[in-house]
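Worksheet: the structure to be examined is printed underneath.
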Amino acid sequence: MSIILTPFAKLVLLFYDITGSYGVSLILFCLVIRAVLFPVFLKGRKSMLAMNGLAEQQKILQQKYARDRERYSIELQKLYDREGVKPSGGCLWSILPLAFLMPLYGIVRRPLTYLLSMSEDTFNAVSNLLYGTVKSYSNDQLGMAQDVFVNYDKIVSAIPELSNMPKIDFTFLGINLSDTPHLLFWQQPDVGAAFALWMIPIVSAVLGVVSMLVTNKINAYITGVARTMDPTTRSTMLMMPLMSLWICFTLPGALGLYWVANSVFAILSEFLNVPFLKKYLKKLQEDKAKRIEEEKERVKREKKVQAEARKKAQEEMRRIQMERKLNQSIASASRVGMRTYARGRLYDPGRYPTFPYQDPNDLYQEELAQRQKQAEEAKSAKESGKEKAVPAPEETVTPAEETVTAPVEETPAAPVETAPVQPEEAAEEEGFVEESFLEEPEDNGEEK
């Protein structure tokens, strides 16, 4: 613990060597702490200002989810995340003074150890010299502090080891800061000094209230909106001064003086924070406007993507419907009996028209029979001596042409036109056929 407290004690001793006043050294010590932690306090004030800006939205959520506290907590946290606000950031600036009050309490409570560098053995020797008895090294240093100052020469002459001991007067404006305020101050021997010590807690509590009022006024000045205090703020205004009053009445006057100085510097820092808070508020408004624009752009992009998706879905649905209709027509055209796709799933009767199949051998035999018939008719006409023109061959319909499927429309083949055959030519052709099949070919080799 001495490792932490020794630097603070050295700082208090430095200010005492400069000013020669224990009270002023405590005030300067408080000023240095406030100056070093000014950025932290400013950050806390910024967070507090941002929280005040969300008061209206928070009130709306509270009314909306009055019966569902869990949902209210979730929505409130979403609001903080969306606005970039940390609720705990505003509490740090009010807790930090207490953090530095604790080491200062250790220094004030044991001034002979940390300020006068008195060991336990020398303390026992001084206690025996002044009171004829040995007091507690841990608990009785406050009562001995001012007596050591008054009897400094006697102690140094009696105990040479303390020749380099600092000579510190623990009074300030006639008030013994090593003493604790008494509620019944009029019963003390020195009523004036006791009353001044009694006033330190009262002044500290009043300054706590003034500090919070100044903070609310500055918030209204910066934001331009005067808000009434909610129950939470009002209870805080009552609790903080009461806590300050209790602390100052239970601790030595040196700590009460430090608390009063801290309240004064807090009020002054509020006025110094005004330009920084205005700049921060302007940045908050710009960021909020930017977030709104980004949200609008995001919604616009999402609507555009949704519209394109709907358009693609409609086109896909139309394509599927067309495919279904096409598949139904193909299925009906491709059906053969019970087989739905007998002609294939991609069968299209209009794209590739079909014709009935005819065997070329059958066509040749029909043509040959027709020619033989014409030759017989010509021969019979020649024998009867009646020359007549052979009529043009009539168009004959083969049995294969009659078997045409119902759904297929066929284009009738053009009739084969044959020139009329003269009787002489028919006879020659007939004789040629007979000779070619009955007579043996001449041997050209023997003739030679």
Side-chain angles (χ1 to χ4, degrees), residues 37-96 211-237 240 266-317:
L37 298 179
F38 180 78
V40 179
F41 292 132
L42 180 60
K43 187 176 181 180
R45 285 291 289 115
K46 289 179 179 179
S47 180
M48 185 178 178
L49 184 64
M51 287 287 294
N52 291 336
L54 300 179
E56 294 297 331
Q57 300 182 39
Q58 185 176 354
K59 186 176 180 181
I60 293 174
L61 291 177
Q62 190 174 6
Q63 294 176 353
K64 185 176 181 180
Y65 303 105
R67 298 183 179 180
D68 192 351
R69 303 302 300 175
E70 183 177 358
R71 182 66 183 277
Y72 168 72
S73 301
I74 295 174
E75 294 297 329
L76 185 62
Q77 187 61 41
K78 289 181 180 179
L79 176 63
Y80 291 154
D81 295 339
R82 185 169 61 252
E83 298 295 334
V85 176
K86 295 182 179 179
S88 60
C91 302
L92 184 62
W93 68 277
S94 58
I95 296 175
L96 277 176
S211 177
M212 298 199 69
L213 291 175
V214 169
T215 300
N216 292 332
K217 290 294 182 179
I218 288 178
N219 288 339
Y221 170 72
I222 293 173
T223 58
V225 178
R227 294 187 178 91
T228 57
M229 293 184 184
D230 54 1
T232 304
T233 305
R234 193 177 295 108
S235 62
T236 304
M237 285 189 63
M240 292 299 291
I267 295 172
L268 295 177
S269 64
E270 288 295 331
F271 292 100
L272 295 176
N273 290 335
V274 171
F276 299 101
L277 295 179
K278 280 187 175 181
K279 186 177 179 180
Y280 176 72
L281 182 62
K282 183 178 179 181
K283 185 176 180 298
L284 281 180
Q285 294 173 352
E286 292 176 355
D287 292 343
K288 185 176 181 180
K290 186 178 179 180
R291 284 196 302 270
I292 292 174
E293 292 296 328
E294 290 178 352
E295 184 67 17
K296 289 181 180 179
E297 291 294 330
R298 185 185 65 81
V299 172
K300 187 176 180 181
R301 287 195 300 269
E302 288 182 354
K303 288 182 178 179
K304 185 177 179 181
V305 171
Q306 292 175 359
E308 292 178 354
R310 285 195 299 268
K311 184 177 179 181
K312 289 182 179 179
Q314 292 174 358
E315 292 178 354
E316 184 69 16
M317 183 60 67

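Throughout, residue positions are numbered sequentially from 1 according to the sequence presented. All values below were derived from every heavy atom in this structure, side-chain atoms included, with hydrogens, water molecules and symmetry-related copies excluded.
In this structure, the salt bridge (charged side-chain N to carboxylate O under 4.0 Å, His left out) partners of Lys283, at least two apart in sequence or on a different chain, are Asp287. With sequence neighbours excluded, the residues that form a side chain to side chain contact (heavy atoms under 4.5 Å, CB included) with Leu268 are Val264, Phe265. In this structure, the side chain to side chain contact (heavy atoms under 4.5 Å, CB included) partners of Lys288, at least two apart in sequence or on a different chain, are Gln57, Arg291, Ile292. With sequence neighbours excluded, the residues that form a side chain to side chain contact (heavy atoms under 4.5 Å, CB included) with Lys282 are Glu286. Glu316 pairs by the salt bridge (charged side-chain N to carboxylate O under 4.0 Å, His left out) definition with Arg319, not counting sequence neighbours. Remark: Lys278 engages Tyr221 in a side-chain hydrogen bond (donor to acceptor under 3.5 Å, both in side chains) (not counting sequence neighbours).
Around CZ of Phe276, the count of heavy atoms belonging to other residues, nucleotides or ligands within 6.0 Å does not exceed 12. Taking a 6.0 Å sphere around CD of Glu70, one finds it holds 12 or fewer heavy atoms contributed by other residues, nucleotides or ligands.
Rounding to the nearest 0.5 Å gives a distance of 9.5 Å between NZ of Lys43 and OH of Tyr280. Here the straight-line distance linking atom OH of Tyr72 with atom CG of Leu61 works out to 6.5 Å at 0.5 Å rounding. A distance of 8.0 Å separates CD1 in Ile222 from CG in Asn273, rounded to the nearest 0.5 Å.
Looking at heavy atoms from C-beta onward, Glu75 lies in side-chain contact with Lys78 at the 4.5 angstrom threshold.
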Please tabulate, one pair per line, all N/O donor-acceptor pairs under 3.5 Å involving side-chain atoms of residues 300-312, not counting sequence neighbours.
| from | atom 1 | to | atom 2 | distance (Å) |
| --- | --- | --- | --- | --- |
| Glu302 | OE1 | Arg298 | NH1 | 3.4 |
| Glu302 | OE2 | Arg298 | NH1 | 2.5 |

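Taking 4.0 Å as the cut-off between side-chain N and carboxylate O, Glu270 and Arg45 count as a salt-bridged pair.
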